[in-house]
Amino acid sequence: MNLVTTVITIALLLSIVLATVSFWLPQMTPDHEKLSPYECGFDPLGSARLPFSMRFFLVAILFLLFDLEIALLLPLPWGDQLASPLLTFLWATAVLTLLTLGLVYEWTQGGLEWAE
């Protein structure tokens with residue numbers, strides 16, 4: 001019981017210290033961009049009918065795709081406890097190979113270039 005009380009006390013004190021430091025540490029110097037409601041690089045006061053950048057859209061989709069890859073591979077360390085861990089690792093290798101080939105294709109087609 002003493003160990004549990006000690007761990008809870010240390011966690012509580014550490015949380016309080018980190019929360020207190022997080023209020024003191026940042027510099028509060030807001031400017032026009034920080035006070036703007038949008039942070040995606042578009043002018044919030046301009047026309048809403050401006051054309052959307054297809055390059056920005058493609059990079060956002062690629063980010064979501066590789067973010068999904070991480071989510072799919074997170075349970076992989078527990079795959080060795082299954083009845084057939086080799087099958088789990090083969091599926092994970094297939095997913096990684098497919099995504100790597102997709103990345104190479106996007107790279108060779110110039111889909112990752114910001115400037116033309």
Side-chain angles (χ1 to χ4, degrees):
M1 187 66 179
N2 193 13
L3 180 63
V4 174
T5 307
T6 305
V7 169
I8 290 174
T9 305
I10 289 173
L12 188 64
L13 286 175
L14 186 62
S15 299
I16 290 171
V17 167
L18 289 176
T20 306
V21 168
S22 71
F23 283 113
W24 287 338
L25 195 59
Q27 296 178 358
M28 301 303 247
T29 54
D31 56 357
H32 179 67
E33 284 82 18
K34 287 183 182 178
L35 294 175
S36 171
Y38 300 104
E39 296 180 3
C40 62
F42 299 111
D43 184 19
L45 302 176
S47 174
R49 302 288 181 216
L50 293 175
F52 188 72
S53 171
M54 189 58 103
R55 179 103 25 205
F56 178 78
F57 178 73
L58 286 175
V59 171
I61 292 295
L62 282 174
F63 173 76
L64 289 175
L65 180 72
F66 286 105
D67 197 35
L68 179 65
E69 170 203 354
I70 298 298
L72 288 174
L73 295 177
L74 275 176
L76 189 60
W78 290 279
D80 62 347
Q81 299 173 4
L82 295 175
S84 60
L86 184 61
L87 184 63
T88 304
F89 292 125
L90 285 176
W91 277 108
T93 304
V95 168
L96 282 174
T97 303
L98 183 66
L99 286 172
T100 303
L101 289 174
L103 177 65
V104 168
Y105 176 75
E106 283 292 328
W107 198 335
T108 57
Q109 294 297 317
L112 301 177
E113 300 291 328
W114 280 105
E116 296 184 23

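Since the model is a prediction, treat every value here as computed from it, not as a measurement.
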Checklist entry - In the hydrophobic clustering that connects Ile, Leu, Val, Met, Phe, Trp and Tyr at side-chain heavy-atom distances below 4.5 Å, which members other than Leu14 occupy its cluster, ordered by chain and number? => result Leu18
Checklist outcome for this item: Residues joined to Leu98 in its hydrophobic cluster, side chain to side chain under 4.5 Å directly or through other members, sorted by chain and number, are none
Checklist entry - Of all residues at least two apart in sequence or in a different chain, which pass the side chain to side chain contact (heavy atoms under 4.5 Å, CB included) check with Ser84? => result Leu87
Item to check | side chain to side chain contact (heavy atoms under 4.5 Å, CB included) partners of Thr9, counting only residues at least two apart | outcome: Thr5, Leu13
Next on the checklist: Out of the candidates Ile8, Val4, Asn2, only one should pair with Thr6 under the side chain to side chain contact (heavy atoms under 4.5 Å, CB included) rule; please name it.
Outcome noted: Asn2
Checklist entry - Is Leu90 isolated, or which residues cluster with it under the ILVMFWY side-chain rule of less than 4.5 Å, directly or via members? => result Leu86
Item to check | Under 4.5 Å side-chain linkage, directly or through intermediates, the cluster mates of Phe23 | outcome: none
Next on the checklist: Quick check on side chain to side chain contact (heavy atoms under 4.5 Å, CB included): which of Leu99, Thr100, Leu101 does Thr97 satisfy it with?
Outcome noted: Leu101
Checklist entry - With Leu96, which residues qualify under side chain to side chain contact (heavy atoms under 4.5 Å, CB included), at least two apart? => result Glu69, Leu73
Checklist entry - Residues in side chain to side chain contact (heavy atoms under 4.5 Å, CB included) with Val17, at least two apart? => result Val21
